[in-house]
Amino acid sequence: QKTAYEIRPREWSSDVCSSDLLASLPWSTYVGAAGDDVLGQIDVDTGGAVYVTTSSAGAMPTSADAFDSTNNGGTDTWVGRIAASGASLEFGTWLGGVGNETGATSVRAVSASRVYVGTTATTGFPTSALGQVETPATFGNALAVLDTTATGAAQLRFGGFLGVAGVVAVNDLAVDPRGRAYLVGAVAAAGLATVDAPDTTLGGTQDGVLTVIDPENGGIPFRTYIGG
């Protein structure tokens with residue numbers, strides 16, 4: 001059992017953070033390659049393994065059982081699983097299309113066999129049969145559900161590239177108890193196919209968008225614009 005410590009307001013100073021607080025960390029690590037890497041989000045599964053995502057154009061490490069061991073062009077999404085002890089990278093793979101996967105990348109680890117990754121993707125993002133709902137012309141919402149305990153193509157439990165001609169960006173992701181994914185982001189295009197939506201039209205040059213995806217059965221049970 002780890003010893004808890006208290007952070008009091010007066011302790012927010014560089015010398016305390018560098019000595020007392022950092023000395024209390026079980027472990028810490030860099031995540032990245034040569035060049036600029038944008039760290040997305042982090043999640044921890046029930047076994048304590050740590051999942052991280054980043055957008056990178058560098059030589060990020062991949063594991064022998066990676067779904068995709070090479071960058072597909074420009075900046076791609078990278079997903080990694082770090083051992084609970086912090087001692088090793090247990091899994092690492094690329095996810096991406098032919099263009100730049102940029103911006104926020106979200107990850108939610110229900111378990112090692114159900115890792116949800118939401119990102120802003122480009123044409124060529126890997127899709128599964130249930131995920132082939134829409135084919136945006138350029139950028140779109142993308143959701144991948146990975147089984148990091150499998151190997152090769154079997155790792156992709158679900159892959160969907162969704163959106164409309166224009167920019168549809170992902171900012172965050174949540175997963176409900178039924179396994180449905182909730183992607184929230186921004187859209188700068190009219191004509192998005194809404195479902196049971198309280199707001200069906202683009203209200204300005206850019207609105208928010210909420211999309212619910214059902215990876216187990218396919219389809220989009222709900223999607224709406226959010227904005228004035």
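Residues take their numbers from the sequence shown, with the count starting at 1.
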Trainee: Which residue pairs pass the salt bridge (Lys or Arg N to Asp or Glu O under 4.0 Å) test when at least one of the two sits in residues 64-82, sequence neighbours left out?
Mentor: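 Sorted result for residues 64-82: R81-E90.
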Trainee: Under the side chain to side chain contact (heavy atoms under 4.5 Å, CB included) criterion, do L146 and L156 qualify, and how do the steps go?
Mentor: CA-CA 5 Å; L146 298 176; L156 189 68; 4.1 Å; yes
Trainee: Can you check whether L95 reaches T119 side chain to side chain, under 4.5 Å on heavy atoms?
Mentor: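 Counting from C-beta outward, L95 and T119 never come under 4.5 Å.
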Trainee: For the CH2 atom of W78 and the CG atom of N71, what is their distance to the nearest 0.5 Å?
Mentor: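 One finds 13.0 Å between CH2 of W78 and CG of N71.
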Trainee: Going by the rule side-chain contact (heavy atoms from CB on, under 4.5 Å), which residues pair with S28 if we only count those two or more places apart in sequence or in a different chain?
Mentor: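 Partners of S28 under the side-chain contact (heavy atoms from CB on, under 4.5 Å) test: L25.
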Trainee: Answer yes or no: is there an ion pair linking E216 with R157, defined by an N-O contact shorter than 4.0 Å?
Mentor: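 Counted as a salt bridge, because a side-chain N and a carboxylate O are separated by less than 4.0 Å.
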Trainee: Honestly curious: do I226 and V212 fall in one hydrophobic cluster under the side-chain, below-4.5 Å linking rule?
Mentor: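 I226 and V212: one cluster.
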Trainee: Of the non-hydrogen atoms in A66 and T62, which two are nearest, and what is the gap between them?
Mentor: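 Where A66 meets T62 most closely, the heavy atoms are CB-CB, 4.0 Å.
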Trainee: Grouping I, L, V, M, F, W and Y whenever their side-chain heavy atoms are under 4.5 Å apart, do L130 and L173 come out in a common cluster?
Mentor: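 Hydrophobic grouping puts L130 with L173.
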Trainee: Might you point out which heavy atoms bring P126 and G96 nearest each other, and give the distance in Å?
Mentor: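 Smallest heavy-atom distance, with atoms named: CD-O, 3.7 Å.
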Trainee: Would you name the heavy atoms of G179 and R114 that are closest together and state the gap between them?
Mentor: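 Closest heavy-atom pair between G179 and R114: CA-NH2, 3.4 Å.
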Trainee: Restricting to salt bridge (Lys or Arg N to Asp or Glu O under 4.0 Å), what partner residues turn up for R108, sequence neighbours left out?
Mentor: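 With neighbours one apart ignored, the set is D172.
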Trainee: Assess the residue pair Y51 and V117 against the criterion (side chain to side chain contact (heavy atoms under 4.5 Å, CB included)); give the C-alpha distance rounded to whole Å, side-chain angles, the decisive distance to 0.1 Å, and a yes or no.
Mentor: CA-CA 10 Å; Y51 296 78; V117 181; over 6 Å; no
Trainee: Write down the atom of P215, the atom of A181, and the distance for their closest heavy-atom approach.
Mentor: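 Shortest heavy-atom separation between P215 and A181 comes out as CD-N, 4.4 Å.
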Trainee: Rounded to the nearest 0.5 Å, how far does OG1 of T211 lie from CG of L183?
Mentor: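 Reported to 0.5 Å precision, the distance equals 6.5 Å.
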Trainee: Side chain of T54, backbone of S56: donor and acceptor closer than 3.5 Å?
Mentor: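 No; judged by distance alone, with no hydrogens or angles, the pair does not exist.
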Trainee: Got a donor-acceptor contact below 3.5 angstrom from the T93 side chain to the F67 backbone?
Mentor: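 Yes; judged by distance alone, with no hydrogens or angles, the pair exists.
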Trainee: When rounded to the nearest 0.5 angstrom, what distance separates CG in L210 from OG1 in T224?
Mentor: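 Result: 7.5 Å between the selected atoms.
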Trainee: Treating Ile, Leu, Val, Met, Phe, Trp and Tyr as nodes and any side-chain heavy-atom pair under 4.5 angstrom as an edge, say whether F158 and V175 lie in one connected cluster.
Mentor: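 Looking at the clustering, V175 is in the same group as F158.
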Trainee: Could you state whether V195 and V184 fall into the same hydrophobic cluster, counting links through intermediate Ile, Leu, Val, Met, Phe, Trp or Tyr residues with side-chain heavy atoms under 4.5 angstrom apart?
Mentor: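 In one cluster with V195: V184, no.
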Trainee: With rounding to the nearest 0.5 Å, note down the distance linking CG in L143 to CG in D214.
Mentor: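 Spacing of CG (L143) from CG (D214) equals 10.5 Å.
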Trainee: Under the side chain to side chain contact (heavy atoms under 4.5 Å, CB included) rule, what do I213 and Y116 come out as? Steps first, then yes or no, please.
Mentor: CA-CA 11 Å; I213 303 172; Y116 289 67; over 6 Å; no
Trainee: Could you go through the side chain to side chain contact (heavy atoms under 4.5 Å, CB included) check for V115 and F91 one step at a time?
Mentor: CA-CA 12 Å; V115 179; F91 175 84; over 6 Å; no
Trainee: Ignoring hydrogens and angles, tell me if any N or O in the side chain of R223 forms a donor-acceptor pair with the backbone of A193 under 3.5 Å.
Mentor: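 Between the backbone of A193 and the side chain of R223 there is a qualifying donor-acceptor contact (under 3.5 Å).
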Trainee: To the nearest 0.5 Å, how far apart are OG1 in T151 and CG in D147?
Mentor: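 If we round to the nearest 0.5 Å, T151:OG1 and D147:CG are 9.5 Å apart.
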Trainee: Could you pull out the closest heavy-atom pair between D43 and A109, with the gap in Å?
Mentor: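 Heavy atoms of D43 and A109 come nearest at OD2-N, 2.7 Å.
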Trainee: With the side chain counted from C-beta on, respond yes when V52 and V107 share a heavy-atom pair under 4.5 Å apart, and no when they do not.
Mentor: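 No. Closest side-chain heavy atoms not under 4.5 Å.
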Trainee: Has the side chain of S128 got a donor or acceptor atom that lies under 3.5 Å from a matching backbone atom of G159?
Mentor: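 Yes, the answer is positive, given that a donor and an acceptor are paired below the 3.5 Å cut-off.
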Trainee: May I ask you to decide if L192's main-chain N or O and Y225's side chain share a donor-acceptor pair within less than 3.5 Å?
Mentor: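 Between the backbone of L192 and the side chain of Y225 there is a qualifying donor-acceptor contact (under 3.5 Å).
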Trainee: Test your reading of the model: is there a side-chain donor-acceptor pair from Q155 to the backbone of A150, 3.5 Å cut-off?
Mentor: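 Pair found, side chain donor or acceptor close to backbone of A150.
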Trainee: Testing the basics here: between G185 and N171, what is the closest heavy-atom pair and its distance to 0.1 Å?
Mentor: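 Distance-wise, the nearest heavy atoms are CA-ND2, 3.6 Å.
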Trainee: When you measure from the side chain of T148 to the backbone of A112, do you find a donor-acceptor pair of N or O atoms at a distance under 3.5 Å?
Mentor: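 Looks like yes, one N/O pair under 3.5 Å.
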Trainee: For a quick check under 3.5 Å, do Y182 and R180 share a side-chain donor-acceptor pair by atom type?
Mentor: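 No, R180 and Y182 have no side-chain donor paired with an acceptor closer than 3.5 Å.
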Trainee: Would you check if the side chain of T75 reaches a backbone N or O of A57 as a donor-acceptor pair within less than 3.5 Å?
Mentor: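 Absent.
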